[in-house]
Number of protein chains: 2
Amino acid sequence: MVKPSGQAGKDTKARILEAADAVFVRHGTDGARMQQIADEAGVNKALLHYYFRTKAELAEAVWRGVASSFVPGVLEMMASDASLDEKIDRFVDAYLTRLSRHPYLVTYVVSEAARSPDRVRAFYSSGRAEQARRVVRKLRAQIGEGIKEGRMARTTPEQFFVTLAAACVYPFAARPLIAAGIGFGAKGFDAFIKRRRRELPAFLKRALRT
Amino acid sequence: MVKPSGQAGKDTKARILEAADAVFVRHGTDGARMQQIADEAGVNKALLHYYFRTKAELAEAVWRGVASSFVPGVLEMMASDASLDEKIDRFVDAYLTRLSRHPYLVTYVVSEAARSPDRVRAFYSSGRAEQARRVVRKLRAQIGEGIKEGRMARTTPEQFFVTLAAACVYPFAARPLIAAGIGFGAKGFDAFIKRRRRELPAFLKRALRT
DNA sequence: GTCTATACTCTGATAGAC
DNA sequence: GTCTATCAGAGTATAGAC
């Protein structure tokens, strides 16, 4: 499995996967071209088929990689005993930081998930579905407690979590529309996100309280 | 321009455009097939090229149609003299209703916009850019007033508007992930949106106040 | 205007040399 | 393992009859 090294560059398979990731994420599975992947990896088209039999197989590998990195320790964090306020802080920080570095990731995940049920299944494989349920259970308990003590408005863990995710993820999904609509370029968008990192946690906390 | 009627069905061009809309929105421009459009329109493939010279041209027509309906009177409403609270109410209601009926619309808009700068330009043509600026100006005035009177937390119109849009739009973008992750099917998702329509306005209003 | 038949291009996939 | 050359199929676009 481990190549003895000495060949050109690092591990070829890894280079191909890296290039594939870039191309698939930017253009979507339908829009991606094997030729472009080969070019970016610095190898021949035929070699792609040597390592990954078909385009579909390569696409699948890319998707799994993205899904693994997209739902990182964050779910674990959300299921932890940390307070809701702390979870908001950490979630906002983690996602705004992460997604800033990967402009096309959200678009890719959203469009692939919508168009291929297989993708969704793969996304929740390897016990991640159970992890999601744990998050919901934990949030439900914390929210219920807050409501009982009269310091939180009535809501459900699902609504809360989706709104939290929405506030962090959506700006990147709609990035070109926002940038053009509000009338600032790439630098302006970065500033927008920077400010958002400061403001959003307080915004969400106010929304939760009574 | 107006066909004398008498031919099969209603206006053929309109039927083609309708079918194209369905197929492009569901599969994206790259994933769409002219054959499928022809089938759904009940005509031959060649006829598509008779009315719209190329696939790209047809895709463009579909995009313009979607962009027109996607940013409807809502921008106008947001620029009006209505109070911020009222704007929240109307925006949430309008978008949750509209998007419930068009499951794939958000995914389509987001992915097309991300992958084709032309799309973004067309989106903001016909004076819509100016309209967006008017919205920002009006919101800035209203928020500024609220802050001065000490009843609103400090924020910018951009942050507010994006968060509002995010809370309404994102659930549909992430619909398959949410449905699978939270563990309910199509009916469960509808219930989720129904509840959201009730809760979200109050949630957002709380977030705005001091 | 609408159809059938077909041309042409793009691209994913394979064969086989090195 | 990696390359060159080539095939086969899908899919867009056109020609031309009706």
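First the proteins, then the strands, lettered A, B, ... as listed; each starts at 1.
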Engineer: Mind checking A:Ala32 for me? I need base, sugar-phosphate or nothing, with any heavy atom below 4.0 Å counting as a touch.
Structural biologist: sugar-phosphate
Engineer: Considering just the side-chain nitrogens and oxygens of A:Tyr50, establish if one lies under 4.0 Å of OP1 or OP2 belonging to D:dC3.
Structural biologist: no
Engineer: Taking atom CD as the centre, does B:Glu18 end up with more than 12 heavy-atom neighbours from other residues, nucleotides or ligands that are less than 6.0 angstrom away?
Structural biologist: no
Engineer: Between atom CD1 in B:Ile37 and atom P in C:dT2, what is the gap in whole Å?
Structural biologist: 17 Å
Engineer: Given atom CZ of B:Phe52 and atom P of C:dG1, what is their separation to the nearest angstrom?
Structural biologist: 12 Å
Engineer: Could you please spell out the steps behind the side-chain contact (heavy atoms from CB on, under 4.5 Å) verdict for B:Leu208 and B:Ile88?
Structural biologist: CA-CA 11 Å; B:Leu208 278 183; B:Ile88 291 173; 3.9 Å; yes
Engineer: Round to the nearest Å and state the distance from B:Asp39 atom CG to D:dG11 atom P.
Structural biologist: 12 Å
Engineer: Measure from CG on B:Leu48 to C1' on D:dT14 and round the result to the nearest Å.
Structural biologist: 13 Å
Engineer: Return a single string for nucleotides 13-18 of chain C, one symbol per nucleotide in 5' to 3' order, where B is base contact, S is sugar-phosphate-only contact and - is none, cutoff 4.0 angstrom on heavy atoms.
Structural biologist: BBB---
Engineer: Do B:Arg140 and B:Glu158 sit within salt-bridge range, that is, some charged N less than 4.0 Å from a carboxylate O?
Structural biologist: yes
Engineer: Please determine whether a side-chain nitrogen of the Lys or Arg among B:Asp39 and B:Lys45 lies less than 4.0 Å from a carboxylate oxygen of the Asp or Glu.
Structural biologist: no
Engineer: How close or far is atom P of D:dT4 from atom CG of A:Leu47, stated in whole angstroms?
Structural biologist: 11 Å
Engineer: What's the CD1-P distance between B:Ile16 and C:dG1, to the nearest Å?
Structural biologist: 11 Å
Engineer: Salt bridge check, B:Arg137 against B:Glu130: does any charged N sit closer than 4.0 Å to a carboxylate O?
Structural biologist: yes
Engineer: Just wondering, more than 12 heavy atoms not from B:Arg195 lying within 6.0 Å of its CZ?
Structural biologist: yes
Engineer: Please report the distance, rounded to the nearest Å, between CD in B:Gln35 and C1' in C:dT6.
Structural biologist: 14 Å
Engineer: Expressed as a whole number of angstroms, how long is the span from A:Lys13:NZ to D:dT2:P?
Structural biologist: 12 Å
